[in-house]
Asker: 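Could you have a look at this structure, given as structure tokens, before my questions?
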Amino acid sequence: MSTITTTNPATNEVIETYPMMTQEDAVQKLEAAHNAFLDWREKTHAERGEYLTKIAKVLREKADELAQLMTRETGKLLKDGHTEVEICAAILDYTAQNGPDVLADEERTHGPDGARGIVSHQPIGVIYSIQPWNFPLYQPVRVLAANLMAGNACVLKHASICTGSGLRLRELCIEAGLPKDLFQVLLIDHDTSDTLIEHPLVRGVTMTGSDGAGRHIGSVAAKALKKTVLELGSNDAYLVLEDADIETAVKFSVMGRLYNNGETCVSAKRFVVTDRVYDAFVSAFVAQMKAITLGDPTDDDTQLGPLSSTDQFDTVKGQVDDSVAKGAKLLCGGHAPDRTGAYYPATVLSEVQPGMPAYDDEIFGPVAAVIRAKDDEDAMRIANDSRYGLGGGIFSEDEDRAVKLARDHFDTGMVHINSFGAADPNMPFGGVKDSGYGREHGGFGMKEFTNAKAIFLP
């Protein structure tokens with residue numbers, strides 16, 4: 001029998017081994033979720049919201065346990081794990097409070113005489129959720145909250161390295177009172193996953209991961225005529241314009257690059273700096289990155305923990321080494337410490353050019369690529385010179401101009417101005433180009449997998 005083994009990336013110690021499910025086991029879980037959906041869909045939005053509120057309460061009560069579990073499985077800082085639990089609870093509360101209004105029937109008119117029409121957002125069935133390891137709780141919860149409110153059931157295939165987190169989330173949902181079959185967690189391989197996508201009882205597929213994985217899953221779903229929402233990462237550019245406040249820019253650039261050990265789809269990854277402020281920014285930025293404390297993720301003084309696995313370490317190291325071999329200059333970091341665990345230091349690369357992984361691809365780790373721009377216009381051009389388009393940022397003292405650039409010219413789904421942030425329950429989350437399509441949060445995610453049903457009255 002095939003198994004999944006989880007490992008602590010800080011110590012290389014085995015945490016747990018789990019048996020994988022057969023295809024028959026997975027289909028049985030899917031059928032159980034569908035049967036639970038048939039009852040769940042009959043509940044009102046307000047009734048569904050009461051369950052979400054209870055789940056939020058249980059997550060907050062178990063915050064210490066959940067943070068420790070996520071740290072053991074992925075190496076994230078313990079304090080970031082606590083933050084993640086609270087974000088999940090806030091999403092559940094937001095959805096419970098706003099869902100009834102977001103999903104309420106809409107009154108419309110139709111025809112030349114203005115006859116009455118109704119648009120009703122109806123649930124469609126089981127949503128298949130395929131999620132990555134970097135936020136073991138947040139990734140599944142943002143899908144679960146929206147779809148439970150919409151009236152759907154949810155089946156989760158989590159990343160193998162955080163299997164324990166996925167299973168524990170389901171246990172806590174059941175402890176909070178959620179019908180036990182409405183949310184399922186599947187321990188399956190990729191072939192079984194593809195088969196599940198094609199199953200008639202799966203009515204929609206949502207996935208967060210690499211653009212390569214998104215192309216595969218999106219194509220399998222498209223052949224089966226299943227709607228998808230894909231969030232596929234990015235190499236987000238943060239622009240330091242000619243009138244930027246350098247202290248602010250450096251503060252949020254360090255935060256934006258190192259948050260969650262640099263393993264965040266909306267991390268600040270490329271720093272496009274105008275010539276006028278280039279030297280001042282780079283000098284201060286490198287100094288702060290050099291001073292970052294790398295160490296045990298459970299230690300309060302640690303600012304940067306290990307990468308999530310030895311495989312991820314090898315990937316990041318390879319991307320940095322390849323960029324340097326092609327002409328990038330190493331300003332700090334780039335050499336792993338001689339210690340047990342998947343530790344990689346805060347790293348800054350300059351003289352980054354197209355054709356290098358640091359310019360073209362997503363480096364999912366604490367590696368910053370600094371790119372010099374001639375002026376503000378050139379900086380905006382470089383920022384958009386990417387196949388990705390998830391997030392980005394602008395540092396400028398002229399807030400109105402920064403908003404105009406963000407709104408009219410930045411080819412991404414999200415832009416931060418003079419700040420950094422990952423996700424907020426009240427703002428849409430998602431991207432364009434190879435960063436995928438569809439939106440979560442802000443009320444948008446609740447409607448992604450509903451049937452906008454038009455009802456015509458005479």
Side-chain angles (χ1 to χ4, degrees), residues 45-71 74 76-103 127 129 131-150 152 154 156 158 162 165-166 168-178 183 206 208 229 231 252 255-256 259-260 263-267 390-391 413-414 416 419-430 438-449:
H45 296 121
E47 287 171 338
R48 296 170 197 157
E50 291 175 3
Y51 286 85
L52 300 188
T53 301
K54 291 175 183 175
I55 295 170
K57 182 175 183 291
V58 170
L59 293 186
R60 287 189 173 106
E61 290 171 351
K62 303 289 186 180
D64 288 345
E65 173 203 332
L66 290 167
Q68 290 168 11
L69 175 58
M70 290 188 287
T71 294
T74 69
K76 69 167 61 235
L77 300 184
L78 191 60
K79 55 191 172 187
D80 286 348
H82 280 278
T83 300
E84 183 171 342
V85 175
E86 181 52 38
I87 289 171
C88 291
I91 289 167
L92 289 157
D93 284 341
Y94 172 90
T95 307
Q97 293 162 11
N98 293 276
D101 290 335
V102 170
L103 294 165
I127 306 306
S129 175
Q131 299 302 325
W133 44 259
N134 57 329
F135 291 96
L137 204 65
Y138 162 75
Q139 295 287 169
V141 163
R142 74 181 186 186
V143 173
L144 184 65
N147 283 288
L148 289 180
M149 176 52 71
N152 296 321
C154 190
L156 168 68
H158 216 336
C162 57
S165 295
R168 187 61 179 142
L169 173 61
R170 179 174 181 266
E171 290 174 354
L172 294 178
C173 287
I174 295 170
E175 183 178 314
L178 192 72
F183 172 40
T206 180
T208 298
V229 169
E231 194 272 277
F252 287 110
M255 182 188 303
Y259 175 63
N260 203 50
E263 297 168 315
T264 307
C265 51
V266 289
S267 284
L390 186 61
M414 299 170 282
H416 283 87
S419 64
F420 169 77
D424 185 280
N426 200 38
M427 295 290 281
F429 187 101
R439 290 296 181 268
E440 295 173 295
H441 301 323
F444 294 84
M446 296 183 225
K447 291 182 177 178
E448 285 285 3
F449 293 106

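The figures here come from the full heavy-atom set of this structure, side chains too, leaving out hydrogens, waters and symmetry mates.
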Asker: Could you work out, with side chain to side chain donor-acceptor pair (under 3.5 Å) as the rule, every residue matching Glu61, not counting sequence neighbours?
Answerer: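 In terms of side chain to side chain donor-acceptor pair (under 3.5 Å), with neighbours along the sequence ignored, Glu61 is linked to Lys57.
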Asker: Could you tell me which non-hydrogen atom of Cys88 sits nearest to which non-hydrogen atom of Leu59, and how far apart they are?
Answerer: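 Of all heavy-atom pairs spanning Cys88 and Leu59, the closest is CB-CD1, 4.1 Å.
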Asker: Would you please name every residue forming a ring pair (Phe, Tyr, Trp, His ring centres under 6.0 Å) with His82, sequence neighbours left out?
Answerer: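 So His82 forms no ring pair (Phe, Tyr, Trp, His ring centres under 6.0 Å) with any residue.
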Asker: Using every non-hydrogen atom in the two residues, find where Arg439 and Phe444 come nearest and quote the distance to one decimal.
Answerer: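 Looking at all heavy atoms of both residues, the shortest contact is CB-CB, 3.8 Å.
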Asker: For Thr53 versus Ala96, what's the shortest heavy-atom pair and its separation?
Answerer: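 Between these two residues, the closest heavy atoms are OG1-CB, 3.5 Å.
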Asker: Any salt bridge (charged side-chain N to carboxylate O under 4.0 Å, His left out) involving residues 79-91? Give me the pairs, sequence neighbours left out, ordered by first then second residue.
Answerer: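 As it turns out, the salt bridge (charged side-chain N to carboxylate O under 4.0 Å, His left out) pairs with a partner in residues 79-91, which skip direct neighbours, are Arg60-Glu86, Lys76-Glu84.
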Asker: Which heavy-atom pair separates Gly166 from Leu156 by the least distance, and what is that distance?
Answerer: CA-CD2, 4.4 Å
Asker: What pairs of residues pass the salt bridge (charged side-chain N to carboxylate O under 4.0 Å, His left out) test when at least one of them lies in residues 135-149, not counting sequence neighbours?
Answerer: Arg142-Glu231, Arg142-Glu440
Asker: I'd like to know if the side chain of Ser267 and the backbone of Thr264 have a donor-acceptor N/O pair within less than 3.5 Å.
Answerer: yes
Asker: Can you check whether Phe449's main-chain N or O pairs, donor with acceptor, with Asn152's side chain at less than 3.5 Å?
Answerer: yes
Asker: Who are the side chain to side chain contact (heavy atoms under 4.5 Å, CB included) partners of His45, not counting sequence neighbours?
Answerer: Arg48, Pro100, Leu103, Met149
Asker: When you measure from the side chain of Gln139 to the backbone N and O of Trp133, does any donor-acceptor pair fall under 3.5 Å?
Answerer: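 Side chain of Gln139 to backbone of Trp133: no pair is present.
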Asker: Can you list everything that forms a salt bridge (Lys or Arg N to Asp or Glu O under 4.0 Å) with Glu171? Sequence neighbours excluded, please.
Answerer: Arg168
Asker: What's the shortest heavy-atom distance between Pro132 and Cys162, and which atoms?
Answerer: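 Nearest pair, atom of Pro132 first, then Cys162: O-SG, 4.3 Å.
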Asker: Taking C-beta and beyond as the side chain, do Cys173 and Leu144 meet within less than 4.5 Å on heavy atoms?
Answerer: yes
Asker: Closer than 3.5 angstrom, by distance alone: can the side chain of Asn260 be matched with the main-chain N or O of Asn134 as a donor-acceptor pair?
Answerer: yes
Asker: So, for Pro136 and Thr74, which heavy atoms are closest and what is the spacing to 0.1 Å?
Answerer: CG-CG2, 3.7 Å
Asker: Would His441 and Tyr138 count as a close aromatic pair, with their ring centres under 6.0 Å?
Answerer: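 So the answer is yes for these two rings.
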